[in-house]
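Notes for the one structure printed next.
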Amino acid sequence: MTPDYYETLQVHPRADEAAIEAAYARLIERYDPARLDGAADELVALAQEKRAAIEAAYATLSDPARRAAYDAELANLSETKDQRPKTNDQALPVGPSPSALGHEKSEELLDYRPLPPAKRQERPRDFDPEPHRSARMAGRAPRRTTTQRWAAPAALASALVLIVAVSLALTGGAGLSAATPTPTPTPSPLDQFEAVIPQARQAAEQNPSSAQGWVDLGNLLYDSIQVVRETAPDSELYKQRIGRWLEATTAYSQALALEPDNAPTRADMGASACFYGAGAGDQSYVRSGIDEVRRAAQIAPNDARVLLSLGYCLVSAEPPQTAEAVASWRRIVKESPSSPLASQAQTLIAKYDK
């Protein structure tokens, strides 16, 4: 099932880039893990799942090409839903059936008026609703099963308590005093995508003809390893997750089989191959990644994401092609200064243009 990214970011489907950017900034700050320091594990898990969903929605809606493809998929789903054949219920004729008309004179009309109060006399005092069970249980004291009676109210109460707890945790308690919670470790930003990756993989596999589903899976895999690469590139965690670059390329290739001219997706696939090759010390992956990104640049030469990925691949080569990479990033700043990727390009320029 295709997720509703507009609902996730709480914006109108015709919202402009500024509205999407503002909604993302507001929501991502609301679910900042630092605000849940010391909260219960259930609250932390809920916040992580919500934050990952916001990230996935923003990754699609902030990119014009991805957003256009997503909107087209939503339109196709809407048209498919409207073209469903009528059910048997819709085809039933209006009015009484022929059989009812045939027996109308021979049968008395049903009386739908309510019965008078039974006054607790509807059954005699010695009535046994389960005579067979009574025979089996003769000589044994009856057991009252109150668990089932109170199961639904208890579950509802638990859900309400959890919702209130989440609200209090995210709003700082709104002035209410509470007992000091048991300290729990602050969730690591490196794990913020872990909860939703299995869900995205299942969604893509269940609907393999949806290019957007494969793109969403690839983006989550890409982001889950990229955040480790940027934060702790020499860590053991990065070594453990480095294979996700190849998983991302596989997901992107599935999407490209359905949409071969999707330049940003092809560029992301190329960058994933370059990152894997650089981390694993295999330049063959870097070379193939550069080829894919250059193909994407032929389709969309001014796309900011394509230019960013091209620079990533060029500095991953041996020897690094730094001058061309910096020139690619400068084009982002010059031609797309309002793009969310412009600040990222500025950071890369400051790092490599020495």
Side-chain angles (χ1 to χ4, degrees), residues 1-37 43-74 166-167 169-172 186-197 199-200 203 212-213 215-231 248 262 264-265 267-268 271 303-309 329 332-333 335-348:
M1 180 177 179
T2 302
D4 190 339
Y5 289 147
Y6 293 105
E7 181 178 353
T8 300
L9 289 186
Q10 302 176 15
V11 296
H12 192 276
R14 291 194 295 273
D16 57 17
E17 294 181 4
I20 292 174
E21 185 76 22
Y24 167 75
R26 173 174 55 85
L27 292 173
I28 207 67
E29 191 274 336
R30 176 184 297 176
Y31 293 95
D32 187 350
R35 302 185 67 178
L36 291 175
D37 187 15
L43 307 184
V44 173
L46 285 173
Q48 286 180 329
E49 183 175 348
K50 185 68 175 178
R51 186 180 176 93
I54 293 168
E55 292 281 5
Y58 176 72
T60 295
L61 299 185
S62 64
D63 183 275
R66 290 184 181 178
R67 183 178 180 182
Y70 174 72
D71 289 343
E73 183 176 4
L74 288 183
V166 172
S167 301
L170 295 177
T171 59
T186 302
S188 171
L190 305 182
D191 297 328
Q192 58 184 295
F193 301 101
E194 298 306 294
V196 292
I197 288 178
Q199 301 173 15
Q212 189 61 47
V215 170
D216 291 341
L217 174 59
N219 290 343
L220 287 171
L221 291 167
Y222 184 109
D223 292 341
S224 70
I225 183 63
Q226 177 73 331
V227 67
V228 183
R229 175 184 174 275
E230 293 179 348
T231 307
N262 190 326
T265 298
D268 287 344
D303 186 275
R305 188 174 295 277
V306 173
L307 294 172
L308 188 73
S309 296
W329 294 327
I332 299 175
V333 178
E335 299 179 13
S336 305
S338 61
S339 169
L341 300 180
S343 60
Q344 190 172 351
Q346 288 279 25
T347 301
L348 292 169

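All residue numbers refer to positions in the sequence shown, counting from 1. Keep in mind that this is a model prediction, so the values were computed, not measured.
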Taking every non-hydrogen atom, the tightest pair across Leu220 and Phe193:
CD2-CD2, 3.8 Å
What distance separates [X] [atom1] from [Y] [atom2], expressed to the nearest 0.5 Å?
X      : Y      : atom1 : atom2 : result
Gln212 : Thr265 : CD    : OG1   : 7.5 Å
Glu29  : Ile54  : CD    : CD1   : 11.0 Å
Ile332 : Asp303 : CD1   : CG    : 9.0 Å
Arg30  : Ile28  : CZ    : CD1   : 11.5 Å
Asp216 : Leu221 : CG    : CG    : 11.0 Å

Partners of Tyr222 by ring pair (Phe, Tyr, Trp, His ring centres under 6.0 Å), sequence neighbours excluded?
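Counting only residues at least two positions away or on another chain, Tyr222 forms a ring pair (Phe, Tyr, Trp, His ring centres under 6.0 Å) with Trp245.
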Just by modelled atom types, is the Tyr5 backbone N or O under 3.5 Å from a matching donor or acceptor in the Tyr70 side chain?
yes
Donor-acceptor pair, distance only, cut-off 3.5 Å: does the side chain of Ser309 make one with the backbone of Val306?
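Pair absent, no side-chain N/O of Ser309 close to backbone of Val306.
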List, one per line, each side-chain donor-acceptor pair under 3.5 Å for residues 340-347, sequence neighbours excluded.
| from | atom 1 | to | atom 2 | distance (Å) |
| --- | --- | --- | --- | --- |
| Ser343 | OG | Pro340 | O | 3.4 |
| Gln344 | NE2 | Tyr312 | OH | 2.7 |
| Thr347 | OG1 | Ser343 | O | 3.1 |

Sequence neighbours excluded, every pair satisfying salt bridge (Lys or Arg N to Asp or Glu O under 4.0 Å) that has a member inside residues 56-66
Asp63-Arg305, Arg66-Asp268
Where at least one partner belongs to residues 217-231, residue pairs that pass salt bridge (Lys or Arg N to Asp or Glu O under 4.0 Å), sequence neighbours excluded
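Pairs touching residues 217-231 that pass the test: none.
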Give me each pair satisfying side-chain hydrogen bond (donor to acceptor under 3.5 Å, both in side chains) with a member in residues 7-22, each pair once, sequence neighbours excluded.
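Only Glu21-Tyr58 qualify under side-chain hydrogen bond (donor to acceptor under 3.5 Å, both in side chains).
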Set of residues satisfying side-chain contact (heavy atoms from CB on, under 4.5 Å) with respect to Ala15, sequence neighbours excluded:
Val11, Ala19, Ile20
Between Tyr6 and Asp71, do the side chains contain an N or O donor and an N or O acceptor separated by less than 3.5 Å?
yes
